[in-house]
Protein chains: 2
Amino acid sequence: MRQQGLDHSLGFVMGISYRRMNQLFMTRIKSFDLTPEQWSVLYRIREQDGMIQKDIAEKSGKDKPTTTRILDSLEAKGYVTKKIGKNDRRSYHVHITEAGIQAADEIAPIEYQVLRDVSGVLTDEEYALMISMLNKLSIQAASLLEQEKE
Amino acid sequence: MRQQGLDHSLGFVMGISYRRMNQLFMTRIKSFDLTPEQWSVLYRIREQDGMIQKDIAEKSGKDKPTTTRILDSLEAKGYVTKKIGKNDRRSYHVHITEAGIQAADEIAPIEYQVLRDVSGVLTDEEYALMISMLNKLSIQAASLLEQEKE
DNA sequence: CACTTATAGTTGTTTAAACAACTAAATTAG
DNA sequence: CTAATTTAGTTGTTTAAACAACTATAAGTG
């Protein structure tokens, strides 16, 4: 029987944990003038150049408006550029700039170090279990959501 | 050796999971005109009436400005009232109203059901482990944060 | 082909988080 | 007791998330 009360609520506890980890990462990358969310988008473009926004949104776990705005800020900072599609003129291919590559390659190890530092309190097995359980929860929540929106 | 890449990043995966779960809860309580965050604050006041904002903030895992604003919205909706402290006139004691009690008591089982539905993909042991690991991570992240802000 | 529907992206609005700067009251120290 | 410091709360600003409404192009159907 699962315990009741906010202190045993997955959503509540996860929210706090997520915000704290995010905050730590943020303080460590603030010299790059990038937020963790902007980073997650830049990371995807570094990983695969030239994707259209729809694919970036999917890979980053963000919706379309959020992706549009994050890309706008990344473009304003000179980290990415948009090129309109030739075949499909509704879409934009997003390319990373030299500055973007440089920032991404400097931030990647910082993020990894944050993970190592924070998850130092977990064993490797616990860490792997955690990732797998979180993925299960996401999928389950998304599936319930879809059902309930009819 | 832990895997690298955003798809194995605790922060990234947790963010997606958190947002989806939150979204599901939100759709289920939208008829109450309350958000999950407002709920988490109202819950604390339902739990212990008359606390000052500082204590509510602490229990809800929010900072002072966020708490101020959420309490403002709860007050505007008629769910709580503020009473200035007699001994300490800097602080406000926050009390729940009848409407607040009613909403809280109706939402509590809904939240519990969301948890049961979403975490149906986990065993009871996994659920408990998850909560405990999330708490460990919060504490660790908070401790690192404090250090690094000097 | 024309017409309907789907898709890619943008814009507007509301809520919350993080941070800094601030007011006012309380506490501490000289 | 006065002056400095701490504490409780508020306000302003920026970023992101969720949602709805919108434009423009593409694809599917009669």
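Just the heavy atoms: all of them, side chains too, but no hydrogens, waters or symmetry mates, feed the values below. The sequence lines fix the lettering, A, B, ..., with proteins before strands; numbering per chain opens at 1.
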Give the rounded distance in Å between these two atoms: OH of B:Tyr18 and C1' of D:dA16. 12 Å
When you get a sec, tell me which of C:dG9, D:dA16, C:dT11 is the closest nucleotide to the side chain of A:Gln38? D:dA16
Given atom CD1 of A:Ile84 and atom P of C:dT7, what is their separation to the nearest angstrom? 20 Å
Among the candidates C:dA18, D:dC19, D:dT10, find the nucleotide nearest to the side-chain atoms of B:Gln23. D:dC19
Spacing of B:Ile56 atom CD1 relative to D:dG9 atom P, expressed in whole Å: 8 Å
Roughly how many Å is it from CZ in A:Arg19 to P in C:dC19, rounded to a whole number? 13 Å
Taking atom P of C:dA6 as reference, at what distance in whole Å does atom NZ of A:Lys54 sit? 15 Å
Minimum-distance nucleotide (side-chain atoms of A:Thr68 versus C:dA8, D:dT11, C:dT10): C:dT10
So if I take every side-chain heavy atom of A:Arg90 and compare against C:dG9, D:dC19, C:dA6, which nucleotide ends up nearest? C:dA6
The residue among A:Val41, A:Ile45, A:Ile52, A:Leu42 that forms side-chain contact (heavy atoms from CB on, under 4.5 Å) with A:Val94 is A:Ile45
Rounded to whole Å, CZ of B:Phe25 lies from P of D:dA17 at a distance of 20 Å
Atom CE of A:Met26 to atom P of D:dT15: distance rounded to whole Å? 12 Å
Is there a side chain to side chain donor-acceptor pair (under 3.5 Å) between A:Glu111 and B:Ser9? Walk through the geometry before answering. CA-CA 9 Å; A:Glu111 197 214 345; B:Ser9 156; 2.8 Å; yes
Nucleotide nearest A:Asp88 when distance is taken to its side chain, options C:dG9, D:dA18, D:dA26: D:dA26
Over all strands shown, is B:Asn87 touching base, sugar-phosphate only, or nothing at heavy-atom distances under 4.0 angstrom? sugar-phosphate
Donor-acceptor check, side chain of B:Gln147 to backbone of B:Leu144, threshold 3.5 angstrom: yes or no? no
I'd like to know if B:Lys59 pairs up with A:Asp7 as an ion pair, taking the criterion as any Lys NZ or Arg NE/NH1/NH2 lying under 4.0 Å from an Asp or Glu carboxylate oxygen. no
Most 5' of A:Lys77 and B:Thr27 on DNA chain D, judged by nearest nucleotide: A:Lys77
Under a 4.0 Å threshold between the charged nitrogen and the carboxylate oxygen, would B:Asp63 count as salt-bridged to B:Arg69? no
Of the listed nucleotides C:dG9, D:dA8, C:dA16, the one nearest the side chain of B:Ile52: D:dA8
Taking the side chain of A:Lys82 as heavy atoms from C-beta outward, which of C:dA6, C:dT10, C:dA18 is closest to it? C:dT10
Which part of the nucleic acid, if any, lies within reach of A:Thr35 when heavy atoms closer than 4.0 Å are counted: base, sugar-phosphate only, or nothing? sugar-phosphate
Lys/Arg-Asp/Glu bridge criterion (N-O < 4.0 Å) met for B:Asp49, B:Arg44: no
Assign each of A:Arg20 and A:Asp72 to its nearest nucleotide of DNA chain C by heavy atoms, then name whichever residue's nucleotide is nearer the 5' end. A:Asp72
Identify which nucleotide among D:dT25, C:dG9, D:dA16 has an atom closest to any side-chain atom of A:Arg89, counting heavy atoms from C-beta outward. D:dT25
So if I take every side-chain heavy atom of B:Arg69 and compare against C:dC19, D:dA18, C:dT10, which nucleotide ends up nearest? C:dC19
May I have the distance from A:Leu145 (atom CG) to D:dA17 (atom C1'), rounded to whole angstrom? 13 Å
Closest to the 5' end of DNA chain C, once A:His93 and B:Lys64 are matched to their nearest nucleotides, is A:His93
